[in-house]
Every structure is written in C-alpha cells, then in structure tokens.
Amino acid sequence: MPELPEVETSKNGIAPFTEGQRVKKMIIRNGALRWPVDDSLPERVTDQIITQVSRRAKYLLLHFSGGNLMIHLGMSGRLRVVNELQPADKHDHIDLVLANGKCLRFTDPRRFGSWVWSPSELAEKLLNKLGPEPLSSEFDGDYLYRQCKKRKAGIKQVIMDNQVVVGVGNIYATEALFLVGIRPTRAANRLSKAKAHELVSLIKDVLSKAIKQGGTTLKDFTQSDGKPGYFKQELLVYGRQGEECLICGQTIKSVRQGQRASAFCPKCQQ
DNA sequence: AAAGACACCTGGGAGC
DNA sequence: TGCTCCCAGGTGTCTT
C-alpha cells in the first residue's frame, strides 16, 4: 500500500471532485476484497451527498449524513477520478458515479483493499485497535519510549505496529531507521529515551516530506490524477540492498523481519 | 501479553 | 518463449 503519505495524497487528489457531490450510482464489479463488500452499500450511498473526505490511519473516509464509507487501499489499491464514460479495466472493481459526471474508481489487482461501512461491527473492530496518528502531538518521544520498553521485538516491527502508531509502513519505517542510525533489528527495549525522541521526529519528517512530494511510486501507486509520486527519488535505503550506501559507501544489506524485508547500512546503523 | 507464522491475491522479474 | 519461484506498499487471525 500505499502507506500514509500515499493515502493522504489520494485524499487530497479526490476531495476537490467528490466533496459536496451526490452519488448517482455505485457499481461493484468484484466485491471479493479483504472483506466481502456489503451488498447493501449501493443502496446506502445512492443519492447521498459526500459531505467530506478525511483520513484515519490508512483508511480514507467518505462522509455521508448517515455514516462513512471506509476505504483501505491494501497493498495495490488505487483511487482515481475519471470520466464516468471511461471503460472499466480488468482490476477496476468499484465505481462511485457522481452527479458531476465524474467517477471515483477503485482499482486493486491484489484485492487486499476494503470498502467497509461505518458504523458497523466490522468497522469498530478495525478502528478500535488503532494507535495515535504519527503526525499528531500524541505521538511523541516519551510515548514511543514507553511503548518500546514493553517490547523486545525489533524496533522496526514496533514502529510498524498499528497499535503503537498508525501509518508507518515498510518504506518509511526503513527510511526513518536509516536516518536515525539504528538497525531495524535492534531490540525496542534497548532504545534510549534520546533516540526515541529523535526517531519520532524523523518519522514525522519523512512522512511530511513524502506527503509534500505526492507519495512514493514503486509500481502501482499514482496520484489520483494518474501522475506518479516523487518521493522515490528521496529513498536512501529502501529497496537498495546490494547497492552502496549513499553516506558511507558500504554495501546495503537486507534482513527479513516478520516476513518483510528490512534494508539497512551495516555501518551507518548500529 | 507478545511474537511469529500464515492467510488473503495478482503480477512482475529473475533464473533456467 | 515459457515455466517456476520469489517478491511486493498491509494487516487480521491463529498458534505458540
């Protein structure tokens, strides 16, 4: 997925075309997503106005008077605003056709994404577990330090844990740990308070910067107008295993943690 | 309570 | 050209 900056970029891209618009029709071509898309959704949103578009964690929320549509992009999901007459492609699973002749189109080859109505039992279950937003003041050095003291797992797994802080995925966790000079495998409970403060500040920096650049385009992600995100050029270690460290020239290594690759520089990160 | 493995699914690239 | 295998932005669930 799309990590937090990509979701934020999608939100900013679609908001001007969707806020204040009435939904004319909802088309579900393939509802077999992370959770089966509720059959009653079209009935629920048809003729309703999208009052606001917001984000919570990696969920994009379309607000209606009676509740929200919670959209998650999973690993390969994408939202675009297209003309309603544009023919649907192979993985274009859901359309929200709007009164202004535009169409909010959801594309997701791997179908790990989701469209869930909130409030609902499922929505509460998903939302209740979520930790603070990474860019909020609640996520600060003292907080992360307290969370880390309880855990002996690798620091990278802790900052990627949604219960600790939301929105930090593999790319930005990897980058922030490089910037702070700590190996992803370092036991979280061995992080000093000073480093916890520094790490929080770098996570915020890297996420904010990525949002400004329109996110990171690897393969699937594009902004809602179809343009790529430009943060990829800024990546210092993610995906660079085998290449030279841009700071010291050492070969970037990669380890697997929780079935996920973690790239790091063996010299810059201890 | 926490950690680890596994699940969901398709497509792209590497290697043979 | 084609097959097989591994990998990929996430995260809920089940087992130790």
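Hydrogens, waters and symmetry mates are skipped; everything else that's a heavy atom, side chains included, is used. The structure displayed is predicted, hence computed values, not measured ones. Within every chain, numbering begins at 1; the chains are lettered A, B, ... in the order of the sequence lines, protein sequences first and strands thereafter.
- Residue pairs meeting the salt bridge (charged side-chain N to carboxylate O under 4.0 Å, His left out) criterion with at least one partner in residues 116-136 of chain A, sequence neighbours excluded, are A:R55-A:E133, A:R56-A:E133.
- Side-chain heavy-atom separations under 4.5 angstrom define the hydrophobic clusters, and the remaining members of the one that includes A:V97 are A:I27.
- Protein atom OH of A:Y172 is 10 Å distant from nucleotide atom P of C:dG10, rounded to whole Å.
- In this model, the phosphate group of B:dC9 is not approached by any side-chain N or O of A:H91 to a distance below 4.0 Å at OP1 or OP2.
- What separates CZ of A:R260 from C1' of C:dC7 is a distance of 11 Å, to the nearest Å.
- Residues A:F231 and A:Y172 place their aromatic rings such that the two centres sit under 6.0 Å apart.
- In this model, the phosphate group of C:dA8 is approached by a side-chain N or O of A:R256 to a distance below 4.0 Å at OP1 or OP2.
- A:A32 comes within 4.0 angstrom of no nucleic acid atom, judged by non-hydrogen atoms across all strands.
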Pairing string, 5' to 3', for DNA chain C - Watson-Crick or wobble contacts under 3.5 Å, brackets [ ] where pairs cross, | to another strand: .|||||||.|||||||
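- Note on residues 136-148 of chain A: pairs passing side-chain hydrogen bond (donor to acceptor under 3.5 Å, both in side chains), not counting sequence neighbours, are A:D142-A:H197.
- Judged by atom type and distance alone, A:R110 reaches the base of B:dC9 through a side-chain donor-acceptor pair under 3.5 Å.
- When the C1' atom of C:dT11 is taken as reference, atom CZ of A:F112 falls 10 Å away, rounded to whole Å.
- In this structure, A:K156 places its NZ atom 11 Å from C1' of C:dG9, rounding to the nearest Å.
- Under the ring pair (Phe, Tyr, Trp, His ring centres under 6.0 Å) criterion, A:F178 pairs with no residue, sequence neighbours left out.
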Would you tabulate the pairs of protein nitrogen or oxygen atoms and nucleotide nitrogen or oxygen atoms of nucleotides 12-16 of chain C closer than 3.5 angstrom?
unit_1: C:dG12; atom_1: O4'; unit_2: A:R34; atom_2: NH2; d: 2.9
unit_1: C:dT13; atom_1: OP1; unit_2: A:K125; atom_2: NZ; d: 2.8

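- Nucleotide C:dG9 holds its C1' atom 13 Å from the CG atom of A:L207, rounded to whole Å.
- In this structure, CG of A:D108 is placed 13 Å from P of C:dT11, rounded to the nearest angstrom.
- Distance, A:R56 CZ to C:dT11 P: 12 Å, rounded to whole Å.
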Sub-3.5 Å pairs of nitrogen or oxygen atoms, protein against nucleotides 2-4 of chain B:
unit_1: B:dA3; atom_1: OP1; unit_2: A:K152; atom_2: N; d: 2.9
unit_1: B:dA3; atom_1: OP1; unit_2: A:A153; atom_2: N; d: 2.9
unit_1: B:dA3; atom_1: OP2; unit_2: A:R151; atom_2: NE; d: 2.4
unit_1: B:dA3; atom_1: OP2; unit_2: A:R151; atom_2: NH2; d: 3.0

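- Taking 4.0 angstrom as the limit, A:K58 places a side-chain polar atom (N or O) nearer than this to OP1 or OP2 of C:dG10.
- B:dA3 and C:dG9: their C1' atoms are spaced 23 Å apart (whole Å).
- For the pair A:E175/A:L235, a side-chain contact is recorded, criterion being any heavy-atom separation below 4.5 Å from C-beta on.
- Side chain to side chain, A:E244 and A:Q250 fail the donor-acceptor criterion of an N or O pair below 3.5 Å.
- Contacts of A:F264 classified as ring pair (Phe, Tyr, Trp, His ring centres under 6.0 Å), with partners at least two apart in sequence or in another chain: none.
- A:L85 forms part of no hydrophobic cluster, judged by ILVMFWY side-chain heavy-atom separations under 4.5 Å.
- Through side-chain heavy atoms spaced under 4.5 Å, either directly or across other Ile, Leu, Val, Met, Phe, Trp or Tyr residues, A:M160 is tied to no other residue.
- Residues meeting the side-chain hydrogen bond (donor to acceptor under 3.5 Å, both in side chains) test with A:K102, sequence neighbours left out: none.
- The nucleotide whose nearest atom lies closest to any side-chain atom of A:K90 is, among C:dG10, B:dG11, B:dT10, B:dG11.
- Following rounding to the nearest Å, A:N170 (CG) and C:dA8 (P) show an atom-to-atom distance of 8 Å.
- Remark: A:R44 pairs with no residue by the side-chain hydrogen bond (donor to acceptor under 3.5 Å, both in side chains) rule, at least two apart or across chains.
- Comparing the P positions of B:dC9 and C:dC3 gives a spacing of 23 Å, expressed to the nearest Å.
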